[in-house]
2 protein chains.
Amino acid sequence: MHALSDPVRISIVAELRKAEEGLNCVETTSRLKCTMPKSTCSQHYRILRESGIIHSERRGVELTSKVRRKELDSRFPGLLDAILKAWRREHGE
Amino acid sequence: MHALSDPVRISIVAELRKAEEGLNCVETTSRLKCTMPKSTCSQHYRILRESGIIHSERRGVELTSKVRRKELDSRFPGLLDAILKAWRREHGE
DNA sequence: TTCTATTGTTCGGTAATTGTGAACTAAAGA
DNA sequence: TCTTTAGTTCACAATTACCGAACAATAGAA
């Protein structure tokens, strides 16, 4: 819950869900159009990773991350959908 | 989301949902069996109130709070249920 | 009314958390 | 090897949360 309570992290998760093939830090920040230092981005990804929300995989020089949909849906059915739906409602899009 | 990301606040909301007639700060802390100074409890209630999750009403010397079920369910259908369900799963009960 | 007990809020200082730049590591290609 | 790109780690600054003390509000007793 804490991992998803931060507005930046929720928007990262929302972007990751839209991108089938996953995203890396640089792509994420450019899509979010928010100027965020890479150290900050790295921290957010670390929190999402350690809380089990995303899974990251190295592809050459970059790190591609995806939302762990299946694991989340089986453990907490409907949770992520409800949170993202609520977030979209508040933040347009 | 931020209001519900704190473990103490989630457990307060869980207790409030169980109590039909609402609870005040003192009752809440005793039910949660956590030693929490009243100033801290007051802060948590304030955050829950300002985020629109609970509604508080003065009854004599005490302040009785209830979860705003209808408003939350109509604005964010399924959200609170999903969060509380996930929380119970992690914290037993 | 005045005193007392109870409930909750506000305020200020401290503790804990978060954000960020600088230095560093890892991989790939010239 | 040197360079470039992507991300991590570390240390410190900035922000936020916690908590005790003083305060406000209500109700009942004296």
Side-chain angles (χ1 to χ4, degrees), chain A residues 1-16 18-68 83 87 91, chain B residues 1-16 19-68 83 87 90-91:
Chain A
M1 278 313 300
H2 167 254
L4 290 174
S5 74
D6 182 273
V8 173
R9 286 196 292 271
I10 291 198
S11 55
I12 289 177
V13 172
E15 282 300 326
L16 287 180
K18 284 195 292 189
E20 269 306 313
E21 287 307 305
L23 294 174
N24 61 27
C25 276
V26 176
E27 289 168 336
T28 308
T29 44
S30 75
R31 294 203 187 191
L32 293 181
K33 287 167 196 139
C34 66
T35 50
M36 172 169 53
K38 56 184 184 172
S39 58
T40 304
C41 190
S42 176
Q43 296 297 333
H44 284 312
Y45 267 90
R46 185 179 56 77
I47 290 169
L48 289 172
R49 207 176 300 125
E50 290 179 353
S51 67
I53 292 167
I54 67 171
H55 172 258
S56 304
E57 189 180 342
R58 201 167 246 291
R59 283 188 191 166
V61 76
E62 60 192 67
L63 198 70
T64 304
S65 299
K66 294 181 183 178
V67 177
R68 305 178 69 168
I83 290 176
W87 177 80
H91 294 74
Chain B
M1 278 313 300
H2 166 255
L4 289 175
S5 74
D6 182 274
V8 173
R9 286 195 291 270
I10 291 198
S11 54
I12 289 177
V13 172
E15 282 299 326
L16 288 179
E20 269 307 313
E21 287 307 304
L23 293 174
N24 61 28
C25 275
V26 176
E27 289 168 336
T28 307
T29 43
S30 75
R31 293 203 189 191
L32 294 180
K33 289 170 197 137
C34 67
T35 50
M36 173 170 50
K38 54 185 184 172
S39 58
T40 304
C41 190
S42 176
Q43 295 297 328
H44 284 313
Y45 267 90
R46 186 178 55 79
I47 290 168
L48 289 171
R49 208 177 301 126
E50 289 179 353
S51 67
I53 292 167
I54 67 171
H55 172 258
S56 304
E57 188 181 342
R58 199 168 249 290
R59 285 190 188 163
V61 76
E62 60 192 68
L63 199 70
T64 303
S65 298
K66 294 180 184 179
V67 177
R68 304 178 71 168
I83 291 176
W87 177 79
E90 294 296 279
H91 293 74

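Just so it is clear: chains get the letters A, B, ... in the order the sequence lines come, proteins before strands, and each one is counted from 1. Here the structure is a predicted model, which means the values were calculated and not measured.
- Considering only heavy atoms from C-beta on, E21(A) stays 4.5 Å or farther from T64(A) through its side chain.
- In this view, R68(A) satisfies the side-chain hydrogen bond (donor to acceptor under 3.5 Å, both in side chains) rule with no residue, not counting sequence neighbours.
- A straight line from CD of E62(B) to P of dG28(D) spans 12 Å, rounded to a whole angstrom.
- For DNA chain C, the contact window with chain B, defined by any atom under 4.0 Å from a protein heavy atom, covers dT6(C) to dT10(C) in 5' to 3' order.
- Counting only heavy atoms from C-beta outward, the side chains of Y45(B) and L63(B) never approach each other to under 4.5 Å.
- Taking 4.0 Å as the cut-off between side-chain N and carboxylate O, R31(A) and E27(A) do not count as a salt-bridged pair.
- Going from atom CG of N24(B) over to atom P of dT26(D) covers 16 Å, rounded to whole Å.
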Using nucleotides 8-18 of chain D, report all nitrogen or oxygen pairs with the protein that are shorter than 3.5 Å.
unit_1  : atom_1 : unit_2 : atom_2 : d
dT8(D)  : OP1    : R49(A) : NH2    : 3.3
dT8(D)  : OP2    : S42(A) : OG     : 2.4
dT8(D)  : O5'    : S42(A) : OG     : 3.4
dA17(D) : OP1    : H2(B)  : NE2    : 3.2

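- Residues E20(A) and K66(A) have side chains not in contact (no heavy-atom distance under 4.5 Å, counting atoms from C-beta outward).
- Taking 4.0 Å as the cut-off between side-chain N and carboxylate O, K18(A) and E15(A) count as a salt-bridged pair.
- Contact of the H44(B) side chain with the M36(B) side chain is registered, since non-hydrogen atoms from C-beta on lie closer than 4.5 Å.
- Residue-to-nucleotide proximity on DNA chain C shows that, of V61(A) and M36(A), the 5′-proximal contact is made by M36(A).
- Counting heavy atoms from C-beta outward, Q43(A) and R9(A) have side chains that stay 4.5 Å or more apart.
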